[in-house]
Amino acid sequence: MIFDGDYTMTIAGQPAVSDKTLPVVNPATEQVIAQVPDASRAQLDAAVEAAKAAFPVWSARPVAERQALVAAIGDCLLANKDAFSALLTAEQGRPRAGCDWEVATCVDWCRAVSTFTLPVEVRQEAGRRVEIRHTPLGVVGAITPWNAPILMAIWKMAPALLAGNTLVLKPSPYTPLTTLRLGELLRDILPPGVVNIVTGGNDLGQWITDHPDIAKVSFTGSTATGKRVMESAARTLKRVTLEMGGNDAGIVLPDVDPKAVAPALFWGAFFNSAQVCVAIKRLYVHADIYDDLARELVDYARTIRIGDGSMQGSDLGPVQNRMQFDKVRNLIEQTRAEGHRFLIGGDVPEGPGYFIPVTIVDNPPEDARVVTEEAFGPILPLLKYDDIDDVIRRANDSETGLGGSVWSNDLEQARRIGERLQTGTVWINEMFAFSPHAPFGGHKQSGVGVEHGMAGLLEFTNIQTITSRPLAAAAG
């Protein structure tokens, strides 16, 4: 497949265009690199109707065949991995190594999910056979974000299809290109209507959450938008899985070697220019090592090259879009206006591209915006503590609870601290260790439901209980 040129939606296994289009901007150059269809309400209805029509045959297909086709999606990505990575860099901005990781993870995910089967539990009770099984929901509406577009699409697509559902998927209008290309390739792999991909803005998302023939919405994005999705879905009692924002805390204990741990902490905070929902957003460092670790982080940050992700040697790319760029720049400006000290960064350069330098803030007060808000950009507050109970309280003092991390040579103490964090995931001495076998979701306002693992697969199903017993013998 040629990965440049025209982009089309996929509806009922066929290409679809629209009278209206949306521009896609390369965040490193601010140049428009493509136009994509802006779907009409009628086109969404057609996509849902196609998915609805495909559902009976797809859900009745033997699970082994669905497993093979999910694995085939991974094979398709692998066969086109270089083209997908290059296109991902162009639309998302991340340097090539990070894009290679995303595509490779998609391949691994498809292969792992393709081994899953839906459980069936059988009990015998008082002469009665009780069978507990899981049935697909129907048409799933998937809404994915711009920070990891192809990975988020696969995280929803693979389990939804394996469970027997059909799909209508809307990528972010900022990063639709890799998802559209995947849809075009899947026309030769999946039956028509099983996966439909439509592009558009906020109106399209609202139509999906309102649509009476969509049984479930799986959404990844901001907490504010997720609340609107949940409110809209309630009108037809759609099932929802919502993976939303977080203001994740990292806690560094005094027994670590600052120089040794600094690189892992840096990338745990700044990978993908900090545009990761579970990146370290607040880093709590024990007072005994605060100055040493701050110095090591700054020294490491000075070795990082920020630039166009398509250029060899770039370690970090731009923030993905103008809206997010302005938000992060405003946060930096307010941090400066409030008199907080920058250990590095803080000056946003002029010129094309949404580039923001790595910025580290020195021990701002707990109520500063840079601490209380999820920046979703490369600005990190370092925060000093000297009491374990106090730092756990501070880490938990958030309306969100997506992820957290603890860093220590004492694994048992780190585990005890981790168990007290009010988050869906806790990493100890590592970050971003996602697994297709391990559930992932948020506490508090970071989410509803989970993705991944058997628990995530079952979110795409209903439970059905069948009881049976022999008819009584006819009276003689």
Side-chain angles (χ1 to χ4, degrees), residues 7 20-39 85-96 98-99 102 143-153 169-181 198-206 219-226 228-229 243-246 270-279 281 306-311 314 316-334 345 348-359 373-379:
Y7 293 85
K20 297 180 180 179
T21 61
L22 297 171
V24 179
V25 173
N26 181 326
T29 65
E30 298 186 57
Q31 298 298 307
V32 174
I33 56 174
Q35 296 283 340
V36 299
D38 186 3
S85 289
L87 185 58
L88 185 57
T89 291
E91 68 170 341
Q92 203 279 333
R94 195 185 319 143
R96 181 61 181 267
C99 294
E102 182 167 337
I143 301 174
T144 55
W146 45 260
N147 60 323
I150 194 72
L151 183 60
M152 297 297 104
L169 192 154
K170 174 198 173 299
S172 166
Y174 292 120
T175 54
L177 302 183
T178 47
T179 308
L180 287 173
R181 283 294 186 246
V198 290
T199 46
N202 293 335
D203 287 346
L204 179 60
Q206 186 68 51
F219 166 83
T220 300
S222 71
T223 295
T225 304
R228 292 195 293 272
V229 170
E243 194 271 283
M244 302 185 291
F270 292 106
F271 174 73
N272 197 25
S273 295
Q275 299 166 114
V276 181
C277 57
V278 288
K281 312 291 197 324
I306 299 173
D308 188 328
S310 66
M311 304 298 291
S314 295
L316 290 176
V319 171
Q320 199 285 319
N321 55 77
R322 167 64 67 178
M323 175 190 69
Q324 194 63 28
F325 174 79
D326 289 342
K327 176 184 174 182
V328 179
R329 182 170 58 180
N330 175 267
L331 183 58
I332 290 173
E333 290 170 353
Q334 182 166 346
V348 179
E350 298 294 331
Y354 306 135
F355 293 102
I356 291 180
V358 169
T359 300
E373 294 185 13
E374 179 187 24
F376 219 70
I379 177 170

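Worth knowing before you read on, the calculation uses all heavy atoms, side chains too, and leaves out hydrogens, waters and symmetry mates.
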With rounding to the nearest 0.5 Å, note down the distance linking [atom1] in [X] to [atom2] in [Y].
| X | Y | atom1 | atom2 | result |
| --- | --- | --- | --- | --- |
| Ile306 | Phe355 | CD1 | CZ | 8.5 Å |
| Cys277 | Asn272 | SG | CG | 10.5 Å |
| Leu204 | Ile143 | CG | CD1 | 8.0 Å |
| Ile150 | Met152 | CD1 | CE | 10.5 Å |

Are [X] and [Y] close enough that some pair of their side-chain heavy atoms sits under 4.5 Å apart?
| X | Y | answer |
| --- | --- | --- |
| Arg94 | Gln320 | no |
| Asn321 | Val25 | no |
| Thr144 | Leu169 | yes |
| Val319 | Phe376 | no |
| Met323 | Tyr174 | yes |
| Val32 | Val24 | no |
| Pro378 | Ile356 | yes |
| Ser314 | Pro95 | yes |

### Task
Evaluate side-chain contact (heavy atoms from CB on, under 4.5 Å) for Val36 paired with Thr21, printing each intermediate quantity in order.
CA-CA 5 Å; Val36 299; Thr21 61; over 6 Å; no
Shortest non-hydrogen separation from [X] to [Y] and the atoms involved:
| X | Y | value |
| --- | --- | --- |
| Ser273 | Leu316 | N-CD2, 3.7 Å |
| Gly201 | Asp38 | N-OD1, 4.1 Å |
| Pro27 | Ala90 | CD-O, 3.7 Å |
| Thr179 | Thr175 | OG1-O, 4.4 Å |
| Phe270 | Thr359 | CZ-O, 3.9 Å |
| Pro318 | Gly307 | CD-O, 4.2 Å |

### Query
Yes or no on side-chain contact (heavy atoms from CB on, under 4.5 Å) for Lys327 and Asn330, after CA distance, side-chain angles and deciding distance?
CA-CA 5 Å; Lys327 176 184 174 182; Asn330 175 267; 5.9 Å; no
### Query
For Ser310, which residues count as a side chain to side chain donor-acceptor pair (under 3.5 Å) partner, sequence neighbours excluded?
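Partners of Ser310 by the side chain to side chain donor-acceptor pair (under 3.5 Å) criterion, ordered by chain and then number, come out as Asp308.
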### Task
For the pair Lys281 and Glu373, find out whether any cationic side-chain nitrogen is under 4.0 Å from an anionic carboxylate oxygen.
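No, this pair does not count.
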Sub-3.5 Å donor-acceptor pair from the side chain of [X] to the main-chain atoms of [Y], do we have one?
| X | Y | answer |
| --- | --- | --- |
| Asn26 | Ala28 | yes |
| Glu374 | Gly245 | no |
| Thr223 | Met244 | no |
| Ser85 | Arg96 | no |
| Asn147 | Gln275 | yes |

### Distance-only donor-acceptor check, side chains Thr178 and Glu91, under 3.5 Å
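Their side chains do contain a donor-acceptor pair, which is all the 3.5 Å distance test asks for.
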#### Entry: Cation-pi, Tyr7 ring and Arg181 (6.0 angstrom, 45 degrees)
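Yes, Arg181 lies over the aromatic ring of Tyr7.
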